[in-house]
Structure formats: structure tokens, C-alpha cells
Undergrad: 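The structure follows.
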Amino acid sequence: MSGEVSRTYEPASIEAKAYEVWLEERCFAADPAAPGEPYCIVIPPPNVTGALHLGHAINNTLQDILIRMHRMRGFNTLWIPGIDHAGIATQAVVEKQLKEKENKTRHDIGREALVERIWQWKQQFGDRILEQLKRLGCSCDWDRARFTLDEQCARAVRETFFKLFKDGLIYRGKRLVNWDVHLQTSISDDEIYHETVKTSLWHVKYPIVDTDKFMTVATTRPETMLGDTAVAVHSEDSRWNWAIGKFAELPLTGRKIPIIADDILVDPKFGSGVVKVTPAHDPNDYAVWQRQQGKIEIINILNPDGTINQNGGKYAGMKRDAARKKVVEDLTALGLLAKEEPYETPVGHSDRSKTPVEPYLSDQWFVKMAALAEPALQVVRDGIIKFFPERHAQQYLSWLGEKRDWPISRQLWWGHRIPVWIFLWKGPYADAPSDSQHVLMDLPYLTPEQNRQIAVQVIRPGIHEIYVGISVRPGYPDIERLLEEAGGQRDPDVLDTWFSSALWPHSTLGWPDDTPDLRKWYPTSVLVTAREIITLWVARMVMTGLYNMKKVPFHHVYIHTVIQDGHGEPMKKSKGNGVDPVDVIDTHGADALRFTLTHMATETQDVRLPVKKDAQGRNTSDKFDIGRNFSNKIWQVANFFVIQNLANPGAPGPEPVDETKWSLADRWIVSRFNRTVGEADAALALYRFDQYAKACYDFVWDDFCAWHVEASKPTLKDPARAGQIANVLAAVLDGALRLMHPIIPFITETIWWRLNEVRPRRGLPGKIECPFSKRLILAKWPSINASAIDEKSELEFSRVRETSSAIRNLRNQYNIEPKAQIEFRLLPAANTSAESIAFIQSFTGSVLTPIQQPVETPSGSSTMITPCGQLFFHPFVDASVEGNRIAKRKDELNRQIQTLRGRLGNEAYISKAPAHLVQQTKDQLAGAEAELAKLG
RNA sequence: GGGCGAUUAACUCAGCGGCUAGAGUGCCACCCUUACAAGGUGGAAGUCAGGGGUUCGAAUCCCUUAUCGCCCACCA
């Protein structure tokens, strides 16, 4: 039997096999009709752009723990896997490839061809991600794997967009985007890096109309003054507030622009106290324009290629650098340039083209947040959704509380294309509805039935042209075709990736259809994610969940630790410091990886993981040794101690459990096991995965291997008791495997099969129940049996441990050969049983002869006080060693006595501290004094 | 600049008002003892970031400084 099992733990040989069995037997497959309370997690879909790193590994390990634990508890469990299409990042990667390999831009090959290529790319890399999750051991229902750009998600997106559009919650507005003039595309904030640029600060004089005075503004971008629409001062700045309401004459253009007060924009202590306002080309100034509510104009002076447009008058057509130079020249000629000084300022650059980005005014679609955010705030305030740890709710509440409208359009080709067809308004202007208003109107070329499937909204990008946007309910391609034939043009933009991931918890379950899955598993149970996307993702899922489903998408949000590299930088795809979990699985095993990450999943602190490359070029870390060593420990004790002893030719057959034949160590380990189950349950209920891992580790390594196994060895040789010990060993191993399976599924499952062969029926009724299950993944989670808790045995065995350690310490100090037996006389303390003494002898390789009275300790002999009694010994005593030992101990005791006396001498302590603490201090003092006295 | 968190042994982290502050790794000594050298036994190692305060009692609570991480805002 043991010949089939490798002597050392070799993860590669067992992981694939166990996973194959789970898949073959469809252990992960969920059935909404199956019994059990629903328990559901939807995976935070990883971006398709890259391979998973250790941050994903911890995220998914923790989800798998929850899923496996609930599956064992009898819940009807579903874990839905999936991948995010990650609009910007993915398109950027494929465009970059296109450029490098074929020297083509996306415009060269066109929209359809580009999207086709991205799909090919997605196929390849999406599969790789799913493969990584499988290696990790994730028990997802793979048949339900989803992609945020798949057919079902597309329907959910279309349906949601249409609903929002019809309800007037989507509107068309202006927004400053980061414009890459080189690539002629907008880019996200994430793709911008700031570089300090040496430039000048120009001080320009603006004449104040109807006076002979000037205001001086400072700017690093003089060419943008062509788009100035106001000059702002602080309302309490006595130098300038007299001018509020007057006008300034904008040099070079002669335009008169208002002098306004804006106390947010202007810091009167900075510079001249006067700020030029260019709403179309500066984010702060744009905010001023919004605050001023139509009192000032907004003028765009740039073409998409970065040249000055017709609004720039005689500068039209010039590139921005040339225009800047010319503007400065002209100002100088007019005598309006007061000063030019050297200046350094950070300038945003596009990560993709490495050129400076331009804030650029463009038409975008927005979701109105006010109505959607309020219920999402309320469910968290009311505790319907709880964050773990609790403090993270604050970030959610404060961000959502701002209720800033959500810009949802992206100038990309990869994504859900915005389902709006835009028409020029043909009716009389007088009848035109006002801006951004949702209107009811029937299109003449649609049937009444078809007209019910569309929603119309007015958008007005210019003064003299009025456009309407028409959105179509999903599933009516014929209407879309009719709209296009009638001259409508579909908006070329796509939706923000987060728009589709916001629907993830219900779209993955089948929404907008009313499916059995949706009815069974929505709301889902818990969301497990990292704190950086609490706003981007979590908040939006809550909003859309409440909007579409009228119910929260999940009840708990667990925010886990961030895995950093050795320098304290979070692992990120963009930083390139991510470590592939498969590397660690290859060097240490999946269970070791999972155990170590779980052990690190603490509540507050992010974890640094110094990584190094091994000889094969794999990124790994010594930190995973803890998991590997633990796995090996389990492998050894299970296969070559417990199972071996149960399967030995001479081993006792199963016999009925008879607790009267149990030893102190048996009662103790059974009690300890039940306590450990309690600790694990408590930890998991609060998502304290680290405490759960530690409870398992301490129980298996310290309690079971280090003490109970040692205690079992002599009795296994006693035919009268071997049968009972075997019962206990089998049950404890069984229970431990159940308890640890969620963290380290592969090794526990593999051992489980062997245990089933050797001892299919096992268990200690009322103490450790072991109902049979062919597969551990489907076995019952251990329950706590209060009757197994045995405080008396726990106390007694802890004294045995302490005494044994003290004797081992003594042996070490005297360098006594491990095999050599040493002899003591023992004056037993009260409650020290003969059984305890026998255990101490066995644990320490010593002989203890009980005595009734203290004996003299003449020179050449000595004494030691232990919890189980006072020891007297002589043969090996060396005066110098013993002198040191005793002196050191006396020092300790004296120090202790001093502290304790000091504490008791403090009247405030006696009167204010709880009585039991005062008593405890007194007992400690008495104990220390007694020991000191005995040492002479 | 605002909010949140962190700073405990050489390293990675627990502990979060009351035992002499713990664990794993690393280090030292002894041991291939019949489950395990990926191991066993024992040991050394910490002014709990600095400074103030509250308390009978502070690593733990409050204030403050410094450094780091995340989110948000970034100055004409």
C-alpha cells in the first residue's frame, strides 16, 4: 500500500489527479433545483489583458475557501468564473502589436478588422487565465464561465442602457477628456504619466475696459488665451474685487470677457491674484464654467490633431508650439507681455505616444448619479450590505456621496457599442424640445409597435443644429436597420468597461431573463475584492443591482490584503512586478501557495513578498516554504503514521469506541480538535482567513504531530489499547482533513481517498463525527461537540507539556545524548496523576521515581521546580552548569518578584484594578517566592 | 492638499487596555530517535517608528512628527 505513495510530498503528482476527479464527477457544477440554501460568489473578472499575478491568487484562493466551506456545510453553492474585456487596456495591447508587427494603425485596417483581431487575442489569453485558476484549484462552475463582452452580457448592457435612457438617467454632455493629439484618441487617467518640463511662466497684461488699468495674469500656456472666456479674481481681494462685473479686453482677439469672482479657483495669496479662465482647455477652468452656469462662454480652439481651429482667428492651422511662439511675439510687440520667467511644471504625457496630452472638450454620454446613488448609500448605511473590515464602508460612502455623474462613453472600438442612433432634428426650431430632454415622439417610418421599442432624447451640440438620439431596446435589429436607412448614424463610441462589469452579479445569472439561476442565487452572498476598486466597481454594482433587480447584489463585501513586491509596491500588471502563481505552484505546490497566501490574509496590513528567481527562471519566494513545509508535515503524518498504523498487517481491526480506554492524551486531543473547529468557524464568520489558517496549523503541527502522535506511539504497541488509539487517530485525521480542505484541497482530498480505503468507517460518536463520503470535497463540515470539551484534561496535559519541556531544556544544557535515559526523583504536585508521569517519562526519555518527602540536595545534586512537581537529580550534575542554571533562574524570579511587589505596593492598583487580577498577582508572587525558597 | 490604513525580532506578519510581547523564516547548539532533515529538541534575538498625553496599568486609547501604501483632489 505505502509503496504507491511517494515518500516525500510531491504536489505535482497529486494535484492534477485530484482536480481531474472533481471535474469528472462534476463536483463544481451547480444546479438551481438542488436542495440547500443558496450560496453564490461571482468572481471579480480579471482583465483579459494579462496573466494573473499573486494578487489574483489570493483573491481567488479566499473565494475558493468560502465556496468549498459552504459546499461542505450543505449549501447549494455556485461560483461563477469570468473575464473582463478591459476596453482601453486590451485595445491598446492589440494596437501596439499591430504597429510593431505590421506597422499599421487601427485606421489602416478599420473597425471590424481590429475588433476581429482583438477577439482572436482574447481567445488565446482568456484561456490562459482560466487555466491559471484551475491550477490554483478553484472550484468554479466552468460551464457557467462568462465574458463581459459575450452575448448575454451584451443583452444585459443593452437592456440597462435602454432603461436608463428611457428614464432620462442618461444624457449627452460636454466633458474634458485627455486627448492624445498624436494618436488622436482619448486616453484614460491611468495612461497618463507626469513629467516635469522646463518652460516659462508668461505674465500677460489684460486691459480693463473703461479704465486705464491692466490686470496681469500668469500662464504657462499663452496660446490658450485665444480660448479665454473670463478672468477670475477672489471676491475678498481688495486689489481686484472692485473690478468684478466689469470686462477685460482679451489681447490679440479684442474680445471682451467678463471679470468674475471665483473663490475656489483663485488663491489671492498666489501670484497676481488674477486667473485667466479657459474652460475648454483646462480642467479647473472647466469646473468654473460649470459653476458659472451659462454666465460665461466656452470656446474650443483646437482641432483633433492639436492644431488651432477657426476659433483661433489668424492663428488657425498652426500647431500648438508654433502658436505659442507667435502669440508671445505678438504680445511682446503690443507691449502687453509684462514678464517672462523660467518655470518648471509637471505636464501630463500619454503613456502610449509619449507626447503631451491635451485637455479636449468633447461630447460624451453620462449617467446621472443623484437618483441612483441615494439608494446605494442607504443600503450600506442601513447595514443591508456590510463591509469587512468595516472601515472600508467609509470610502464607499464618501465617494458615492459626491454623486458625480458617471461618464460612460469611450472613444474606442473594443467594447459594447453605444446603442444610440443620432439624427438631425427636422422639425421647426420653435417646437424643439429643450436640451437633454427626454421626449415622447413617434417616428413616422416605424410601426406603433416598433415605436414602443425606442426612446428618444434631444441632444444639442450646437446653437443652430439640433440632434436627437434614439435608443433601441435590445433584440430589434430591424428597427436599427430602419433608423440607419432613415439617415440615423450609430454613435461610434463604446461604453466604459465598468458599465458591463457593474451588471456582473445579475448578468452572469441570466438577467435580463428571469432564469432559475437568477431566482436561486440572486442576491449573491459575498463579494471578495481589493480595496482599489471599491468605488469603480463595488459602488456601481450596488447601484445597477438596485436599479435593475430592486435588490442588493450581495450582502457582504470582503476587502482583502494587497500583495506587494519586496519594495512595498503593489503587484500590478502595469508595473510589470507581478508574479505568476503558476511559478509558485511549480516550485512549492498549489496547496502551499494557497496556505501561505491565506495565512497572510490579515485584516489591516498589506503584505510584502520579496521575490527571487530560481535556477529555472521562475519567480518564487522562500515565504511559501511555510505552506510547503506544512503540506509535507501533513503528508508524512497522515500517510506514514496514521494510515500506516491503521493498515499494518498486525494493526488492530476496527473495534467499537470505548472511551474508558482512552488516555489523557486522547481526551485532550479530542477536546483540542473541537476547540479548533470553534476557532475556525469564528474566524471564517468574520472573514479572518489568517486566523483560520493559523488554527489549522497549530492544531496539526503542535497539538497533533508534536504531542498526540508522540503520546500514541507507546500505546499503539499495547494490544489492549491499540484499537482505541487507532479509533482516535483515524477520527482526528478525518476531522482535520475536513477542516483544512478549503485551504489545501489537493493534499487533503488525496489523503482522504487512502483513509477511505484503510478505514472507511470511523468516528467517535458524540465527540468527532465522521460520516462517510467518497470525496472530501463533498464531505460534511466538522461540527463542534460540546461534550468533547474537557477542560480538566486540557489543564493536566498542558502541565505535562510544560514539565516535559523543562526536562528537555535541562537535557540540552547538560548535552545529554538523546538516547541516554536520565533519572529523577519526583515529589509530585497535587493533581499529578501516574498517567501524567508516564507521559513525561516517554516524552523526555527519563525515569521519574515518585517520592513522598523532599530530599536533601547535597553538592553534586540539584533540584528543579515544574508544574508537575519538584524534581531531584544528581548523576549528571556539573557544578558550573548547575550554578549558572540556578543563578539565572533566581535572577528571573527576583526580577519577577520585584515587579509583582511593586504592583501590589501600589494602592491605586489594589483599589482600582479588577479583583481577579489583584488575586492573580498575589498568587504569582507567592509562587515565585516559594520557588525561590526551594532553590535555596 | 483631503480621507483611510500601516510602522512590533535580521525578514514576513500576529497581538489592539491587564500573564515575563508571539508565530513562521533566518541564526546558534545538539540530533539522520522506527511519520517527517521540507524534520526533532533546546536557545539567542524586540526602548513595540520618534515625541507628548490619558490611565492603577499603554504595543494597544488620544494628540503630534516622520516615513510608506491605497483612494480622491492637484494650483494659474
Undergrad: C1' atom, B:G18 versus B:A23: distance in rounded Å?
TA: 22 Å

Undergrad: Is the ring pair A:Phe839/A:Phe843 parallel, tilted or perpendicular, if the boundaries are 30 and 60 degrees?
TA: parallel

Undergrad: Which listed nucleotide (B:C68, B:G24, B:C56) is nearest to the side chain of A:Ala913?
TA: B:C56

Undergrad: Taking atom C1' in both B:C56 and B:G51, what distance in whole Å separates the two?
TA: 24 Å

Undergrad: In whole Å, what is the span from the CD atom of A:Gln395 to the C1' atom of B:G2?
TA: 13 Å

Undergrad: Looking at A:Arg688, does any N or O in its side chain come under 4.0 Å of the phosphate oxygens OP1/OP2 on B:G15?
TA: yes

Undergrad: With rounding to whole Å, what would you report as the distance between B:G22 and B:A45 at their P atoms?
TA: 13 Å

Undergrad: When you measure from the side-chain N and O atoms of A:Lys819 to the phosphate of B:G40, is any distance below 4.0 Å, counting only OP1 and OP2?
TA: no

Undergrad: For the side chain of A:Cys705, starting at C-beta, report the closest nucleotide among B:C56, B:A35, B:U12.
TA: B:A35

Undergrad: Between B:G69 atom C1' and A:Asp606 atom CG, what is the distance in whole Å?
TA: 6 Å

Undergrad: For A:Glu817, answer base if it contacts any base atom (sugar-phosphate contacts may also be present), sugar-phosphate if it contacts only those atoms, and nothing otherwise; contact means non-hydrogen atoms under 4.0 Å.
TA: nothing

Undergrad: B:C16 pairs with which nucleotide, Watson-Crick or G-U wobble, both distances below 3.5 Å?
TA: none

Undergrad: Return no unless some side-chain N or O of A:Ser805 is found under 4.0 Å from OP1 or OP2 of B:G42.
TA: yes

Undergrad: Could you tell me whether the side chains of A:Tyr558 and A:Thr529 share a donor-acceptor contact shorter than 3.5 Å?
TA: no

Undergrad: Using the P atoms only, state how far B:C70 lies from B:G26, rounded to an integer number of Å.
TA: 31 Å

Undergrad: A:Trp701 near the nucleic acid: base, sugar-phosphate alone, or nothing, with a heavy-atom cut-off under 4.0 Å?
TA: sugar-phosphate

Undergrad: Using purine N1 to pyrimidine N3 plus N6-O4 or O6-N4 for Watson-Crick, or N1-O2 and O6-N3 for G-U wobble, both under 3.5 Å, which nucleotide pairs with B:G39?
TA: B:C31

Undergrad: Under a 3.5 Å cut-off for both contacts, is B:A45 paired Watson-Crick or G-U wobble with anything, and if yes, with which nucleotide?
TA: none

Undergrad: Take atom P in B:A49 and the same atom in B:A21, then report the distance between them in whole Å.
TA: 15 Å

Undergrad: Using atom types as modelled, flag every donor-acceptor pair under 3.5 Å from a side chain in residues 589-601 of chain A to any protein atom, sequence neighbours excluded.
TA:
{"from": "A:Asp591", "atom 1": "OD1", "to": "A:Phe746", "atom 2": "N", "distance (Å)": "3.2"}
{"from": "A:Asp591", "atom 1": "OD2", "to": "A:Ile747", "atom 2": "N", "distance (Å)": "2.8"}
{"from": "A:Arg594", "atom 1": "NE", "to": "A:Ile743", "atom 2": "O", "distance (Å)": "2.8"}
{"from": "A:Arg594", "atom 1": "NH1", "to": "A:Asp64", "atom 2": "OD2", "distance (Å)": "2.8"}
{"from": "A:Arg594", "atom 1": "NH1", "to": "A:Leu136", "atom 2": "O", "distance (Å)": "2.9"}
{"from": "A:Arg594", "atom 1": "NH2", "to": "A:Asp64", "atom 2": "OD2", "distance (Å)": "2.9"}
{"from": "A:Arg594", "atom 1": "NH2", "to": "A:Pro742", "atom 2": "O", "distance (Å)": "2.7"}
{"from": "A:Thr596", "atom 1": "OG1", "to": "A:Ala592", "atom 2": "O", "distance (Å)": "2.7"}
{"from": "A:Thr596", "atom 1": "OG1", "to": "A:Gly627", "atom 2": "N", "distance (Å)": "3.3"}
{"from": "A:Thr598", "atom 1": "OG1", "to": "A:Arg594", "atom 2": "O", "distance (Å)": "2.7"}

Undergrad: Any strand counts, and the cut-off is 3.5 Å on both contacts for Watson-Crick or G-U wobble. Which nucleotide pairs with B:G69?
TA: B:C4

Undergrad: Heavy atoms under 4.0 Å, any strand shown: does A:Val709 hit a base, just sugar-phosphate, or nothing?
TA: base

Undergrad: Atom OH of A:Tyr909 to atom C1' of B:A58: distance rounded to whole Å?
TA: 15 Å

Undergrad: Regarding A:Lys694 and A:Glu679, does a basic nitrogen lie under 4.0 Å from an acidic carboxylate oxygen?
TA: no

Undergrad: From CG of A:Leu597 over to P of B:U12, roughly how many Å is that when rounded to an integer?
TA: 16 Å

Undergrad: What is the separation between atom NZ on A:Lys694 and atom P on B:G15, rounded to the nearest whole Å?
TA: 11 Å

Undergrad: So which one's nearest nucleotide on RNA chain B is more toward 5', A:His392 or A:Ala706?
TA: A:His392

Undergrad: Any idea which of B:U12, B:A14, B:A35 is nearest the A:Met600 side chain?
TA: B:U12

Undergrad: So do A:Thr278 and A:Met225 actually touch side chain to side chain, heavy atoms under 4.5 Å?
TA: no

Undergrad: Nearest whole Å is fine: how far is B:C4 C1' from A:Glu532 CD?
TA: 15 Å

Undergrad: Is A:Asp625 touching bases, backbone alone, or none of the nucleic acid, heavy atoms closer than 4.0 Å?
TA: nothing

Undergrad: If you check every side-chain atom of A:Glu710, which of B:C36, B:C11, B:G18 has the closest atom?
TA: B:C36

Undergrad: Pick base, sugar-phosphate or nothing for A:Leu917, based on heavy-atom distances below 4.0 Å to the nucleic acid.
TA: base

Undergrad: Just checking A:Val607: base, sugar-phosphate only, or nothing, at a heavy-atom cut-off of under 4.0 Å?
TA: sugar-phosphate

Undergrad: Using a heavy-atom cut-off of under 4.0 Å over every strand shown, decide if A:Asp622 touches base, sugar-phosphate, or nothing.
TA: nothing

Undergrad: Which whole-number value in Å describes the distance from A:Tyr396 OH to B:G3 C1'?
TA: 18 Å

Undergrad: With a 3.5 angstrom cut-off on both distances, give the Watson-Crick or G-U wobble partner of B:C61, or none if there isn't one.
TA: B:G53

Undergrad: Given the C1' atoms of B:G2 and B:U55, what is the spacing between them in whole Å?
TA: 33 Å

Undergrad: Distance only, no hydrogens: is a donor on one side chain within 3.5 Å (strictly under) of an acceptor on the other, for A:His708 and A:Asp703?
TA: no

Undergrad: How would you label the contact of A:Tyr9 with the nucleic acid (heavy atoms, under 4.0 Å): base, sugar-phosphate, or nothing?
TA: base

Undergrad: Which whole number of Å gives the distance between the C1' atom of B:G46 and that of B:G3?
TA: 33 Å

Undergrad: Give a yes or no on whether a donor-acceptor pair under 3.5 Å exists between the nucleobase atoms of B:C11, that is its base, and the side chain of A:Lys623.
TA: yes

Undergrad: Do A:Tyr697 and A:Ile626 touch side chain to side chain, with heavy atoms closer than 4.5 Å?
TA: yes

Undergrad: Looking at every strand, decide which applies to A:Lys713 at a 4.0 Å heavy-atom threshold: base, sugar-phosphate, or nothing.
TA: base

Undergrad: Can you figure out which of B:A29, B:U20, B:U33 approaches the side chain of A:Arg903 most closely?
TA: B:U20

Undergrad: Considering just the side-chain nitrogens and oxygens of A:Arg7, establish if one lies under 4.0 Å of OP1 or OP2 belonging to B:C36.
TA: yes

Undergrad: Could you check which of B:G69, B:G24, B:A35 has an atom nearest any side-chain atom of A:Val637?
TA: B:A35

Undergrad: If you assign each of A:Asn629 and A:Val275 to its closest nucleotide in RNA chain B, which residue comes earlier from the 5' end?
TA: A:Asn629

Undergrad: Between A:Lys717 and A:Thr715, does any side-chain donor sit less than 3.5 Å from a side-chain acceptor?
TA: no

Undergrad: Name the pairing partner of B:A10, where a pair is Watson-Crick or G-U wobble with both distances under 3.5 Å, or state none.
TA: B:U25

Undergrad: What nucleotide, of B:G24, B:U41, B:A38, holds the atom closest to the side chain of A:Arg628?
TA: B:A38

Undergrad: A:Ile533 has an atom CD1; how far is it from atom P of B:C71, in whole Å?
TA: 11 Å

Undergrad: Flag yes if more than 12 heavy atoms outside A:Glu907 fall under 6.0 Å of its CD atom; otherwise flag no.
TA: no

Undergrad: For B:G15 and B:U7, measure between their P atoms and round to the nearest Å.
TA: 10 Å

Undergrad: Check whether any side-chain nitrogen or oxygen of A:Asn815 sits under 4.0 Å from OP1 or OP2 of B:A29, and answer yes or no.
TA: no

